[in-house]
Amino acid sequence: MINYVWGFLIIISVICAIVTGNGEGVSSGLMNGAEKATKLLITLFGVIVFWSGIMKVAEKSGLTGKLVKLLSPILRKIFPDVDESSNAFQAMALNISANLIGIGNAATPFGLKAMAELQKNNLRKDTATDSMVIFVVMNTASMQLIPATIGFLRDSYGSKEPFSIIPCVIICSFCALCVALLLAKGLNRVKSWK
């Protein structure tokens, strides 16, 4: 429904621009927007390919296994019902570690794999488990130590200090993650009381 509303608004805007004699502005804006979007997509594609390759090398070299072991004590407390040796747990740890270094796009395949693995053990296939909900919350409000993608975007747009935002990103993402986890855990407790 909302797509129809946006489409209707765009059509009305174009008609108004033509009626008021500003059709050239619409055409110019369309071309400039398309050019900027294409440049942004190419830049992001390069960053995604680079970091996805780094994650693949880390996986083949055994570094990801070490990351899983490093994150295991924390993740065991957050996800007590997920077996540490399971594929779901490993995919969750890889997703979280990719998000920590700010490459959320490279983290997405691990997140999808984790959810698929968690769904295999879900007894009620039409309802998300507590672990699934908490994992989605953690993934959405992920903490970042190195905002790689944002840094590359800032650099591509001419920032003189593209990574100067690191302290702000760490503080904001840590606070967002803590609040999100507290809310998710709190809602799970309320649900279990009913």
Side-chain angles (χ1 to χ4, degrees), residues 40-41 43-154 163 165-188 191:
L40 178 64
L41 283 173
T43 302
L44 278 177
F45 181 73
V47 171
I48 291 167
V49 167
F50 173 76
W51 285 111
S52 294
I54 294 290
M55 288 302 285
K56 207 56 156 164
V57 168
E59 202 174 347
K60 295 281 184 194
S61 69
L63 180 62
T64 54
K66 292 177 182 168
L67 282 171
V68 170
K69 284 183 182 175
L70 184 70
L71 291 173
S72 289
I74 298 167
L75 294 181
R76 265 184 272 141
K77 291 184 189 315
I78 297 172
F79 303 104
D81 57 335
V82 179
D83 181 20
E84 189 179 343
S85 62
S86 69
N87 289 335
F89 192 88
Q90 291 183 355
M92 291 162 75
L94 291 174
N95 172 274
I96 291 166
S97 42
N99 278 325
L100 279 173
I101 56 175
I103 50 172
N105 295 317
T108 300
F110 296 119
L112 294 172
K113 182 178 178 184
M115 289 300 280
E117 292 293 327
L118 288 170
Q119 181 66 4
K120 285 180 186 176
N121 298 327
N122 187 359
L123 300 176
R124 296 177 58 199
K125 300 295 183 192
D126 62 338
T127 305
T129 64
D130 291 348
S131 290
M132 293 169 94
V133 171
I134 291 170
F135 179 67
V136 168
V137 166
M138 281 186 74
N139 204 354
T140 305
S142 64
M143 184 176 167
Q144 292 187 9
L145 300 176
I146 306 165
T149 304
I150 294 172
F152 283 118
L153 284 174
R154 285 172 49 93
F163 289 97
I165 59 168
I166 287 178
C168 298
V169 169
I170 290 172
I171 292 168
C172 290
S173 61
F174 178 74
C175 292
L177 180 62
C178 288
V179 169
L181 283 174
L182 287 171
L183 286 173
K185 290 281 190 179
L187 287 173
N188 282 342
K191 185 179 80 173

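Starting from 1, each residue takes its place in the sequence as its number. Scope of the values below: all heavy atoms of this structure, side chains included, with no hydrogens, waters or symmetry mates.
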How many angstroms lie between [atom1] in [X] and [atom2] in [Y], if you round to the nearest 0.5 Å?
X	Y	atom1	atom2	answer
Leu100	Leu177	CG	CG	9.0 Å
Gln119	Thr129	CD	OG1	8.0 Å
Ile96	Leu71	CD1	CG	6.5 Å
Leu183	Ile134	CG	CD1	11.5 Å
Met132	Glu117	CE	CD	11.0 Å
Leu70	Leu75	CG	CG	9.5 Å

Taking only residues two or more places apart in sequence or in another chain, which ones pass salt bridge (charged side-chain N to carboxylate O under 4.0 Å, His left out) with Lys66?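 Here no residue qualifies.
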
At their closest point, which heavy atom of [X] faces which heavy atom of [Y], and how far apart are they?
X	Y	value
Thr127	Asn122	O-ND2, 2.6 Å
Phe79	Phe135	CE2-N, 3.7 Å
Lys125	Lys120	NZ-O, 3.2 Å
Ser131	Val82	OG-CG2, 3.6 Å
Phe89	Asp83	CB-O, 3.2 Å
Gly111	Asn139	CA-ND2, 4.4 Å

Show the numbers, then the answer: is there a side chain to side chain contact (heavy atoms under 4.5 Å, CB included) between Leu94 and Lys113? CA-CA 10 Å; Leu94 291 174; Lys113 182 178 178 184; over 6 Å; no

Answer whether the closest heavy-atom distance between the side chains of Asn95 and Met138 falls below 4.5 Å.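 With C-beta onward as the side chain, the pair stays apart.
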
Candidate pair Ser72 and Glu84, rule side chain to side chain donor-acceptor pair (under 3.5 Å), full reasoning: CA-CA 7 Å; Ser72 289; Glu84 189 179 343; 3.3 Å; yes

For Met143 and Ile170, run side chain to side chain contact (heavy atoms under 4.5 Å, CB included): C-alpha distance rounded to whole Å, both residues' side-chain angles, the deciding distance at 0.1 Å, then the answer. CA-CA 7 Å; Met143 184 176 167; Ile170 290 172; 4.2 Å; yes

